[in-house]
Amino acid sequence: MSIQTPQAIRGTQDIFGPDAEAFAFVVETFERVRKLYRFRRIEMPVFEKTEVFSRSIGETTDVVSKEMYSFLDRGDESLTLRPEFTAGIARAYITNGWQQHAPLKVATHGPLFRYERPQKGRYRQFHQLDAEIIGASEPQADVELLVMADQLLKELGIDHGVTLMLNTLGDGESREAWRAALVDYFRAVKGELSEDSQERLEKNPLRILDSKDPRDKAFLADAPKIDDYLNAEAQDFFGKVTSGLDAAGVEWTRAPALVRGLDYYRHTAFEFVTERLGAQGTVLGGGRYDGLIETLGGPHTPAVGWAAGIERLAMLVGERETTALEAIVVVEDDDLLNWGIKFVANLRAGGVTSDLLASGSPRKRFDKAAKSGAAAIFALSMKDGEPSCRTKGDEAVLKRLDGMMHRAVLAAKPQ
RNA sequence: GCGAUCGUAGCUCAGUUGGUUAGAGCGCCGGUUUGUGGUACCGGAGGUCGUGGGUUCAAGACCCAUCGGUCGCCCCA
């Protein structure tokens with residue numbers, strides 16, 4: 001008679017050890033950098049009414065029909081685990097009257113949920129960092145966000161091999177003209193496109209531009225370019241973004257085929273990409289979404305933001321060690337257990353990273369302590385009928401711990 | 001939704017053309033040795049070979065199904 005252990009949900013992760021340390025390092029670095037730029041921390045609900053996402057994302061796409069975790073609550077209301085941060089933040093901006101704080105710079109991070117087939121760097125529950133500027137129409141907002149992203153990657157030590165790909169989708173008018181030209185162009189050669197792209201032609205023509213199929217690639221070089229459809233205003237906006245990046249010393253690469261599927265995106269679109277993560281190379285992405293807040297019933301509100309996958313950043317960061325062990329207290333005689341407990345408590349209260357080793361065969365404890373990598377070992381044992389503490393460690397470490405050690409020993413030593 | 005590939009101890013893996021009681025290293029537990037000591041040796045616990053069927057005198061190995069992992073396609077807010 002054995003109990004069947006329930007399995008973890010597909011696409012969820014139990015992160016432990018050096019991977020978890022890398023994850024924490026990413027979050028800690030983001031928190032530090034975000035404060036440098038005065039982005040205010042917000043905490044958001046993990047679920048919302050389904051409309052928050054379906055209305056902003058658009059009913060038609062696979063995204064809504066297949067890839068959201070939606071369910072009915074007890075009142076038969078459809079709720080959805082957040083698949084992104086932006087829509088929820090836009091909702092909060094409207095329902096809390098945050099217009100009074102505009103232009104509002106906010107940042108958050110946490111878990112998101114998408115019903116997808118897991119693969120490298122893609123999970124059903126995954127985690128993102130997020131930064132948004134709401135109520136700012138100037139290109140300087142785009143620039144500030146990108147400079148912050150750039151600094152974050154540098155401080156994570158992963159800027160080498162990660163490139164900022166930058167594009168503009170123009171304003172509403174330019175974007176529509178370009179889209180129409182693309183549809184005309186691809187429709188003329190429809191029969192020669194891949195099956196997938198023939199589908200895309202109807203549903204999401206911009207996406208043909210990043211097709212991986214060689215049949216499609218043949219036509220991409222001569223496809224209409226957004227630059228030929230930008231009006232003066234849109235051109236000026238993009239120019240200010242690029243010159244701002246240059247002024248701040250942020251390197252970027254023009255990516256004319258970089259697009260966004262959703263209609264509310266305007267002007268700047270960008271992705272920091274790497275070759276090092278297989279097929280999921282985008283590590284941080286975002287853009288300007290001036291149309292979003294209106295689709296949720298709010299006033300016209302220009303906004304721009306980005307999100308970054310914590311798991312993907314953590315993979316680039318690589319494994320990280322847990323906090324180094326400074327001192328380990330070994331109880332070599334079980335009668336001295338309480339001394340050990342008090343000893344290590346005093347060390348920790350004094351800010352020394354330490355462990356207590358008091359289990360298993362007493363004879364093997366010292367060897368285990370030696371293997372633990374601790375900079376200093378304090379071994380408690382009986383010597384000539386007296387409790388005694390023997391120390392081992394590098395001179396410098398012992399010296400630094402000296403005052404601490406004496407206090408810990410004296411305060412805790414029995415009799 | 002589609003495709004490829006993998007699944008043997010807690011971990012990393014071995015296991016020949018199908019052939020006795022499925023192994024090693026690491027880790028864990030205990031013992032001996034050493035005794036300012038990170039050593040060496042001995043022993044122990046731990047396996048429904050992912051699961052269920054099938055082929056066969058005989059299956060960890062071959063076939064089918066199923067579950068799970070990994071990678072890719074689609075999608076990518």
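Here is how names work: the chains are called A, B, and so on, in the same order as the sequence lines, proteins then strands, and each is numbered from 1. Computed from a prediction, not measured in an experiment: that's the story for all the values here.
- The pair A/Glu31-A/Arg34 meets the salt-bridge criterion, with a side-chain N (NZ, NE, NH1 or NH2) lying under 4.0 Å from an Asp/Glu carboxylate O.
- Within a 6.0 Å radius of CD in A/Glu233, no more than 12 heavy atoms belonging to other residues, nucleotides or ligands are found.
- Residue-level contact check: A/Lys120 touches the backbone only, with heavy atoms under 4.0 Å from sugar-phosphate atoms and none from bases.
- Only the P atoms considered, B/rA45 is 35 Å distant from B/rG37, to the nearest whole Å.
- Heavy atoms of A/Glu199 sit nowhere under 4.0 angstrom from any nucleic acid atom.
- Distance from the side chain of A/Pro118 is smallest for B/rU70 among the nucleotides B/rC29, B/rU70, B/rG31.
- When each of B/rU39, B/rC75, B/rU70 is scored by its nearest atom to the side-chain atoms of A/Lys371, the top-ranked nucleotide is B/rU39.
- Residue-level contact check: A/Gly360 touches the backbone only, with heavy atoms under 4.0 Å from sugar-phosphate atoms and none from bases.
- Ion pairing of A/Arg365 with A/Asp334 is present here, as a side-chain N (NZ or NE/NH1/NH2) and a carboxylate O approach within less than 4.0 Å.
- Using a 4.0 Å heavy-atom distance criterion, A/Lys212 is classed as a sugar-phosphate-only contact.
- A/Tyr265 comes within contact range of the sugar-phosphate backbone alone, with a heavy-atom separation under 4.0 Å but no base atom that close.
- Distances from the side chain of A/Arg390 to the nucleotides B/rU36, B/rG38, B/rA77 place B/rU36 closest.
- Contact annotation: A/Arg200 side-chain N/O to B/rC75 OP1/OP2 distance is under 4.0 Å.
- At a threshold of 4.0 Å, the pair A/Asp150-A/Lys154 counts as salt-bridged, since one of the basic side-chain nitrogens sits closer than that to a carboxylate oxygen.
- Listed nucleotides B/rC76, B/rG37, B/rG35 differ in distance to A/Arg363; the shortest reach to its side chain belongs to B/rG35.
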